[in-house]
Protein chains: 2
Amino acid sequence: MSPPQAARLRRTLHERGMRMTPQRQLVLDAVRELAHATPEQICQHVRRTASTVNITTIYRTLELLERLGLVRHTHLGHGAPFYSADEHEHVHLVCHRCGQVIEVPCTLLDGLGALLDSELGFQLDASHLALSGICRDCGAEEEQK
Amino acid sequence: MSPPQAARLRRTLHERGMRMTPQRQLVLDAVRELAHATPEQICQHVRRTASTVNITTIYRTLELLERLGLVRHTHLGHGAPFYSADEHEHVHLVCHRCGQVIEVPCTLLDGLGALLDSELGFQLDASHLALSGICRDCGAEEEQK
DNA sequence: ATAATTGCAAACAATTTGCATTCAG
DNA sequence: CTGAATGCAAATTGTTTGCAATTAT
């Protein structure tokens, strides 16, 4: 499923005197398979294959993979952050009525990004953030009342 | 400093069979004075006047004030949320290099809001979440390297 | 051997809950 | 008196740290 990624990870680790381990492989695979998951969810998934992996290792590995640029995390408001593979860039819209998370392409924020840059010199990182609001379904429900 | 707010709070509470208390008054004042503060910071501030107020009461009061529409909170990424008075609307830009928080008017997101609404029926609440990126200063430092 | 990695238990931070006490109407 | 509000302690959740045991080179 992710042989090129595994190879890339192995190489990057080796360059820095670090080691490829089954745990690291499994965490990276889990992040890619689950698409957006919290450390806890990633841990559950990894444990289906290797039941003894500790949550501490999940945290340490996620931090490592993030430093290496292979994964990224986003805070969706409350609680635990969500991790996803680095290539999988998108903006998250969170409905604060029902909690649903909608992914939209980062290009939707191009206009805003350009505006913030020209006005304030702020370079927006669209994929790290979440926007909150009310989704279509909840908005419709609201109107019916 | 906030007599009209206090009156409004008292009235709103009374309508719902709830009571105005010194704690509620102090929490509301603290939120307005501190502009953006975490529950912990609000607690410190309130304790300068009433040293026995418990942090649990701070949490409960913030939740209440938010339900009543007098305050709102924003997640700036990691850790505790920040509370501010409802009228004080703005978008938060967080630099993920230096951690600086910049406030900008919500109107900067009007274009994006309209776009999300027409494309997805999503009603953006610009003031509830933060946008992340690199601020001007950190961007400049980056270039010098 | 020796250095990296892991697991485990304990510490920590932020928040919530249950419950007995206090207090205002 | 009665229900609302508070304080306190304990439970929960998410995360980090210290350290000893394990493992790859």
Side-chain angles (χ1 to χ4, degrees), chain A residues 6 9-28 30-31 34 36-47 49-68 70-71 73-83 99 130, chain B residues 6 9-28 30-31 36-47 49-68 70-71 73-83 99:
Chain A
L9 175 55
R10 162 164 272 122
R11 188 172 3 97
T12 313
L13 289 170
H14 195 260
E15 283 167 9
R16 310 182 181 219
M18 296 174 154
R19 294 171 194 162
M20 179 57 138
T21 66
Q23 286 89 334
R24 288 172 177 173
Q25 174 73 257
L26 288 167
V27 170
L28 181 55
V31 170
L34 298 173
H36 312 123
T38 61
E40 189 63 47
Q41 293 168 332
I42 292 165
C43 190
Q44 299 299 318
H45 191 266
V46 165
R47 281 181 173 163
T49 309
S51 65
T52 67
V53 175
N54 194 278
I55 185 114
T56 304
T57 301
I58 304 292
Y59 279 103
R60 284 193 284 231
T61 304
L62 287 171
E63 197 204 327
L64 171 66
L65 295 177
E66 189 150 31
R67 255 194 345 261
L68 300 182
L70 293 166
V71 310
H73 77 270
T74 310
H75 292 277
L76 262 39
H78 56 295
F82 289 76
Y83 284 80
Chain B
L9 175 55
R10 164 164 270 124
R11 187 170 6 96
T12 314
L13 288 170
H14 195 259
E15 282 167 10
R16 309 182 183 219
M18 296 174 152
R19 294 172 194 160
M20 179 57 139
T21 66
Q23 286 89 334
R24 287 173 177 170
Q25 175 74 257
L26 288 167
V27 170
L28 181 55
V31 170
H36 305 128
T38 62
E40 189 63 47
Q41 293 167 332
I42 292 166
C43 191
Q44 299 299 318
H45 192 266
V46 166
R47 281 181 174 163
T49 307
S51 64
T52 66
V53 175
N54 194 277
I55 184 115
T56 305
T57 300
I58 305 291
Y59 279 104
R60 285 192 284 229
T61 304
L62 288 171
E63 197 205 326
L64 171 65
L65 295 178
E66 189 151 30
R67 258 195 342 263
L68 300 182
L70 293 166
V71 310
H73 76 270
T74 310
H75 293 277
L76 262 39
H78 56 295
F82 291 77
Y83 284 79

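In what follows, chains are A, B, ... by sequence order, proteins preceding strands, each numbered from 1.
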Asker: Identify which nucleotide among D/dG14, C/dT5, D/dG18 has an atom closest to any side-chain atom of A/R60, counting heavy atoms from C-beta outward.
Answerer: D/dG18
Asker: Indicate whether OP1 or OP2 belonging to D/dT6 is found under 4.0 Å from a side-chain N or O atom of B/T57.
Answerer: no
Asker: Treating A/R24 as the side-chain partner and A/R19 as the backbone partner, does any N or O pair qualify as donor plus acceptor under 3.5 Å?
Answerer: yes
Asker: Checking contacts here: which listed nucleotide (D/dT15, C/dT15, C/dT6) is nearest the side-chain heavy atoms of A/P39?
Answerer: D/dT15
Asker: Between D/dG7, D/dA5, C/dA9, which one does the side chain of B/T21 approach most closely?
Answerer: D/dA5
Asker: Choosing from C/dT6, D/dG14, D/dA5, which nucleotide comes nearest the side chain of B/R19?
Answerer: D/dA5
Asker: Which part of the nucleic acid does B/P81 contact within heavy-atom distance under 4.0 Å: base, sugar-phosphate only, or nothing?
Answerer: sugar-phosphate
Asker: In whole angstroms, how far is the P atom of C/dT16 from the CG atom of B/L64?
Answerer: 14 Å
Asker: Does A/R16 get its side chain close enough to the base of C/dA4, under 3.5 Å, for a donor-acceptor pair?
Answerer: no
Asker: Whether A/N54 contacts C/dT6 is assessed here as follows: a side-chain N or O lying under 4.0 Å from the phosphate OP1 or OP2. Is that the case?
Answerer: no
Asker: What contact category does A/T38 fall into here, base, sugar-phosphate, or nothing, at under 4.0 angstrom with non-hydrogen atoms?
Answerer: nothing
Asker: When the distance from NE2 of A/H75 to P of D/dT13 is rounded to whole Å, what number comes out?
Answerer: 20 Å
Asker: Name the closest nucleotide to the A/T56 side chain, picking from C/dA9, D/dA5, C/dT15.
Answerer: C/dA9
Asker: Tell me whether B/R47 at atom CZ has more than 12 heavy atoms from other residues, nucleotides or ligands lying less than 6.0 Å away.
Answerer: yes
Asker: What contact category does B/E40 fall into here, base, sugar-phosphate, or nothing, at under 4.0 angstrom with non-hydrogen atoms?
Answerer: nothing
Asker: For the pair made of CG in A/L13 and P in C/dA3, what is the distance, rounded to whole Å?
Answerer: 19 Å
Asker: Go nucleotide by nucleotide along DNA chain D from the 5' end; which of B/T61 and A/A80 gets its closest nucleotide reached first?
Answerer: B/T61
Asker: Identify which nucleotide among C/dT6, D/dT6, D/dT16 has an atom closest to any side-chain atom of A/Y59, counting heavy atoms from C-beta outward.
Answerer: D/dT16
Asker: Using a 4.0 Å heavy-atom cut-off, does A/G17 contact any base of the nucleic acid, only the sugar-phosphate backbone, or nothing at all?
Answerer: sugar-phosphate
Asker: Between A/E15 and A/R11, does at least one N-O distance fall below 4.0 Å, as a salt bridge requires?
Answerer: no
Asker: Take atom NE2 of A/H78 and atom P of D/dT12, then tell me their distance rounded to the nearest Å.
Answerer: 20 Å
